[in-house]
Amino acid sequence: MKTRRIFLQKAGLSALALNLTPFNPIAAMTKEIFSEKQDEQPLRVAIMGLGSYGTRVARAMKDCKRAKLVGVISGTPSKIEAWQKEYAIPAKNCYNYETYHQIKDNPDIDAVYVITPNGLHMEHTLGVAKSGKHVICEKPMAVNSNEGKIMVDACNAAGVKLLIGYRMHFEAKTQEVVKMRMNGDFGKILFFQGLSGFIIGDPSQWRLNYELSGGGAMMDIGIYSINGARYMIGEEPIWVTAQETKNNPEKFKEGIDETIQFQLGFPGGAVASCLSTYSMNNLDKFFVNGLKGFAEMQPSTGYGPIEGKTHKGPLTNPHVTHQTTQMDEMAAIILDGKKPLVPVDGEEGLKDMVIIDAIYEAVKTGKKVNLV
Ligand code: NDP
């Protein structure tokens with residue numbers, strides 16, 4: 001509105017002052033829209049947890065048009081110093097885990113992106129929501145559905161948005177396949193296969209510490225197959241079965257799943273057959289099969305480029321750094337209320353957590369778990 005007023009004032013004044021050409025409302029409007037886009041305030045983001053993924057997001061944000069990295073929350077002073085230099089972050093936008101609640105008094109930060117270990121997501125999301133800032137939280141949103149529900153409720157109560165870092169929901173080839181599914185190009189879908197895994201290294205890392213991870217491969221990488229099954233099939237599963245294999249109980253202690261095979265049943269009759277593991281590489285593949293066609297993606301969820309084909313031919317959409325698109329799109333969701341093709345809100349994250357809870361229950365009991 002400010003831009004509009006200033007522009008109209010300027011346009012009116014110059015036309016009057018120069019008295020050369022009559023005021024042209026259409027030209028004025030075009031110029032106005034242009035100048036509004038130029039002046040658009042970006043989503044001003046602080047990243048919490050300056051680890052390996054936080055660093056990737058920050059670098060990708062350098063190319064963002066609507067999101068801007070303006071602050072940090074970190075327990076490591078040397079990282080804060082380095083990030084201040086690299087991203088021109090002012091000292092007043094730097095916090096640690098004891099001081100970040102003061103962010104509520106900082107009008108220059110709109111949202112905090114929580115990129116800490118899974119077991120801290122709930123505490124950190126609640127803290128940020130209490131400070132009145134929007135939350136973007138990494139996947140898995142929490143370590144179980146109870147926590148996820150508390151997070152959704154807390155953000156609703158605080159009147160802030162909660163988005164989950166599902167970068168694939170904005171990836172062009174993935175969106176292409178989702179749009180084909182929505183168009184009915186695959187016909188009735190009856191099968192999905194999701195393979196998600198890698199060989200995990202250092203046994204002392206937080207991903208293998210139950211307190212901080214909340215589980216093993218399923219929380220970290222298996223979630224991609226769960227989430228992918230849902231957006232590729234376009235339905236919510238109604239039952240779950242699962243089987244665990246543990247070859248290295250030394251490395252994968254109680255509560256840390258090494259390999260789980262699981263199956264999800266969908267109301268339309270489709271079945272998803274998936275593998276989640278910390279003990280095998282070369283597993284990053286989605287295959288969806290309908291009565292009229294198929295899509296196959298490999299790699300399907302890595303940092304890209306994603307590759308794939310459908311019964312109509314290869315997927316050719318250009319690769320853009322996932323986190324750049326994600327952050328620009330999330331800015332549009334938060335600032336403009338834009339509706340994404342596939343949801344990324346807290347409710348979406350919660351759906352995956354409910355399924356993960358059911359998978360762990362199915363592993364423990366050896367029984368089929370109904371979700372409805
Ligand atoms: P890292 O271990 O590399 O970084 C986590 C950071 O969290 C640390 O560097 C530290 O930053 C901060 N932290 C705060 N408390 C602790 C603690 N008790 N122990 C360890 N670190 C702590 O992990 P990642 O960056 O790989 O993963 C972080 C989150 O991002 C996870 O939830 C993970 O699932 C998600 N992720 C998502 C990906 C995606 O593609 N969407 C890819 C990779 C990860 P500081 O020193 O600044 O406090």
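Every value quoted in this text rests on a predicted model; they were computed, and no experiment measured them. All residue numbers refer to positions in the sequence shown, counting from 1. Atoms within a ligand are numbered from 1 in the order they appear, just like the ligands themselves. All values below were derived from every heavy atom in this structure, side-chain atoms included, with hydrogens, water molecules and symmetry-related copies excluded.
For residues 321-358, the pairs satisfying ring pair (Phe, Tyr, Trp, His ring centres under 6.0 Å) are H319-H322, with sequence neighbours left out.
Any N or O atom pair closer than 3.5 Å counts here, and G75 shares at least one such pair with ligand 1.
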Give the table of side-chain donor-acceptor pairs shorter than 3.5 Å for residues 343-354, with sequence neighbours excluded, one pair per line with atom names and distance.
| residue | atom | partner | partner atom | Å |
| --- | --- | --- | --- | --- |
| D345 | OD1 | E347 | N | 3.4 |
| D345 | OD1 | E348 | N | 3.0 |
| E348 | OE1 | R230 | NH2 | 3.0 |
| E348 | OE2 | N227 | ND2 | 3.3 |
| E348 | OE2 | R230 | NH1 | 3.2 |
| E348 | OE2 | R230 | NH2 | 3.4 |
| D352 | OD1 | R230 | NH1 | 2.8 |
| D352 | OD2 | Y166 | OH | 2.6 |
| D352 | OD2 | N227 | ND2 | 2.7 |

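Of all the heavy atoms of R207, the ones lying under 4.0 Å from any atom of ligand 1 belong exclusively to the side chain. Counting heavy atoms under 4.0 Å from ligand 1, residue V72 does not touch it at all. For R167, every heavy-atom contact with ligand 1 shorter than 4.0 Å involves the side chain, none the backbone.
Using a 4.0 Å cut-off between charged side-chain N and carboxylate O, R167 and E329 make no salt bridge. A salt bridge links K149 and D153; the closest N-O separation between the charged side-chain nitrogens and carboxylate oxygens is under 4.0 Å. Under the 4.0 Å criterion applied to side-chain N and carboxylate O atoms, R66 and D336 are assigned as salt-bridge partners. Using a cutoff of 4.0 Å between basic side-chain nitrogens and carboxylate oxygens, E307 and K173 are not scored as salt-bridged.
Under the 4.0 angstrom criterion for non-hydrogen atoms, H121 is in contact with ligand 1. For the pair W83 and ligand 1, no heavy-atom separation below 4.0 Å is found.
Of the protein's non-hydrogen atoms, the one nearest atom 5 (C) of ligand 1 is I115 O, 3.8 Å. From the protein, the heavy atom lying nearest to atom 7 (O) of ligand 1 is P117 CD, 3.4 Å. The protein atom (non-hydrogen) at minimum distance from atom 4 (O) of ligand 1 is G51 CA, 3.2 Å. Here the protein heavy atom with the shortest distance to atom 32 (O) of ligand 1 is N118 OD1, 2.7 Å. Annotation: atom 29 (C) of ligand 1 to nearest protein heavy atom, T116 O, 3.4 Å. Protein heavy atom at the shortest distance from atom 15 (N) of ligand 1 is L120 CD1, 3.4 Å. Looking only at protein heavy atoms, the nearest one to atom 34 (O) of ligand 1 is K139 O, 2.9 Å.
Residues I89 and G71 come closest through the heavy atom pair CG2-CA, 3.9 Å. Here the closest heavy-atom approach between residue A129 and residue A154 is recorded as CB-O, 4.4 Å.
The shortest side-chain heavy-atom distance between L162 and T125 falls under the 4.5 Å cut-off. A 4.5 Å side-chain heavy-atom check between F170 and D328 finds every atom pair outside the cut-off.
Those atoms of ligand 1 that come under 4.0 Å of a heavy atom in G165, given as number and element, are 41 (N). Of all atoms in ligand 1, listed by their number and element, those nearer than 4.0 Å to a heavy atom of S74 are 45 (P), 46 (O), 47 (O), 48 (O). Which parts of ligand 1 touch G49 is read off a 4.0 Å heavy-atom cut-off, strictly below it: atoms 7 (O), 11 (O), 12 (C), 47 (O). For ligand 1, the atoms closer than 4.0 angstrom to any heavy atom of S52 are 1 (P), 3 (O), 4 (O), 25 (O), 26 (O).
Considering only non-hydrogen atoms, atom 18 (N) of ligand 1 lies nearest to L212 out of N209, L212, N96, L50. Across the listed options R56, K79, E138, E138 owns the non-hydrogen atom lying nearest to atom 30 (O) of ligand 1. The nearest non-hydrogen atom to atom 12 (C) of ligand 1, considering only Y53, W206, Y97, Y303, comes from Y97.
R44 places a side-chain N or O within 3.5 Å of a backbone atom of P107 that can act as its donor or acceptor partner.
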Worksheet item: F192 and F286: ring pair (Phe, Tyr, Trp, His ring centres under 6.0 Å), yes or no, with the steps?
Response: CA-CA 7 Å; F192 171 85; F286 285 175; 5.1 Å; yes

